[in-house]
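Keep in mind that this is a model prediction, so the values were computed, not measured.
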Amino acid sequence: QVQLVESGGGLVQAGGSLRLSCAASGRTFSSYTMAWFRQAPGKEREFVAAIRWNGGSIYYADYADSVKGRFTISMYGAKTTAYLQMNSLKPEDTAVYYCAAKVGGTYSYAGADFGSWGQGTQVTVSS
């Protein structure tokens with residue numbers, strides 16, 4: 001089992017930036033995916049970004065169309081920490097952001113695919 005702890009949320013004006021962190025601890029795996037999801041009030045949880053690793057030296061990053069070009073996901077520390085750099089933030093980015101992790105590096109980002117979740121961190125973008 002993997003434990004995840006997010007940090008870095010807060011209040012920012014539109015056009016500003018925030019960086020979210022997700023620290024993972026527990027078991028390690030030969031292939032691995034960490035992802036960010038978000039849920040706004042009254043809306044379904046949605047995929048934001050993911051970074052996956054299949055045991056080699058290459059990481060693959062994928063993004064939702066709504067954040068492509070503005071958000072960047074990265075992984076450091078022997079796959080123990082994932083970051084989500086969020087630039088050019090918009091009011092519609094306001095949500096609780098959750099870090100999630102799953103074993104394996106397949107291109108599959110349904111929430112049910114992820115077995116480990118963090119507690120969530122609030123991001124609020126004011127207009």
### Task
Carefully, step by step, assess Leu20 and Glu6 under the rule side-chain contact (heavy atoms from CB on, under 4.5 Å).
CA-CA 7 Å; Leu20 305 182; Glu6 303 108 330; over 6 Å; no
### Step-by-step ring-ring contact (aromatic ring centres under 6.0 Å, His included) determination, Tyr109 to Phe37
CA-CA 9 Å; Tyr109 300 136; Phe37 291 77; 7.9 Å; no
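Remark: Met75 CE to Ile51 CD1 distance equals 5.0 Å, nearest 0.5 Å. Taking OG of Ser66 as the reference point, atom CG of Asp93 lies at 7.0 Å (rounded to 0.5 Å). Taken from CG in Asn87 to OG1 in Thr72, the straight-line distance is 6.5 Å, to the nearest 0.5 Å. Taken from CH2 in Trp117 to NZ in Lys102, the straight-line distance is 11.0 Å, to the nearest 0.5 Å. Within the model, atoms CD of Gln3 and OG of Ser25 stand 4.5 Å from one another, a figure rounded to the nearest 0.5 Å.
Lys90 and Thr94 share no donor-acceptor pair across their side chains, judged by distance under 3.5 Å alone. A donor-acceptor contact closer than 3.5 angstrom is absent between the side chains of Tyr107 and Asp62.
Evaluation of the salt bridge (charged side-chain N to carboxylate O under 4.0 Å, His left out) rule for Asp113 yields no partner, not counting sequence neighbours. Listed by chain and number, the residues in a side chain to side chain contact (heavy atoms under 4.5 Å, CB included) with Ala61 are Tyr63, Ile73 (sequence neighbours excluded).
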Acceptor/donor pairs from residues 40-48 side chains to any protein atom, 3.5 angstrom cut, sequence neighbours excluded:
{"from": "Glu46", "atom 1": "OE2", "to": "Arg38", "atom 2": "NE", "distance (Å)": "2.6"}
{"from": "Glu46", "atom 1": "OE2", "to": "Arg38", "atom 2": "NH2", "distance (Å)": "3.1"}

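Pairs of residues two or more places apart, or lying in two chains, that qualify as disulfide bond (SG atoms under 2.5 Å apart) and include a residue from residues 96-127 are Cys22-Cys99. Judged as a ring-ring contact (aromatic ring centres under 6.0 Å, His included), the pairs with a partner in residues 82-105 (not counting sequence neighbours) are, in order, Tyr76-Tyr83.
The side-chain contact (heavy atoms from CB on, under 4.5 Å) test with Met34 is passed by exactly one of Leu84, Val2, Leu4: Leu4.
Shown here for Ser17 and Ser88, the closest heavy-atom pair between the two residues is OG-N, 4.4 Å.
Contact of the Gln85 side chain with the Ser74 side chain is not registered, since no non-hydrogen atoms from C-beta on lie closer than 4.5 Å.
Judged by distance alone, with hydrogens and angles left aside, the side-chain atoms of Ser31 form no donor-acceptor pair with the main-chain N or O of Trp53 at under 3.5 Å. Between the side chain of Thr33 and the backbone N or O of Arg52 there is no donor-acceptor pair closer than 3.5 Å.
No more than 12 heavy-atom neighbours from other residues, nucleotides or ligands sit within 6.0 angstrom of CD on Gln13.
No path of Ile, Leu, Val, Met, Phe, Trp and Tyr side chains, each step under 4.5 Å between heavy atoms, connects Phe71 with Val96, placing them in separate hydrophobic clusters.
Residues Asp65 and Lys68 are paired through a salt bridge, judged by an N-O separation under 4.0 Å between the basic side chain and the carboxylate.
Hydrophobic cluster membership for Val5: none, as no Ile, Leu, Val, Met, Phe, Trp or Tyr side chain comes under 4.5 Å of it.
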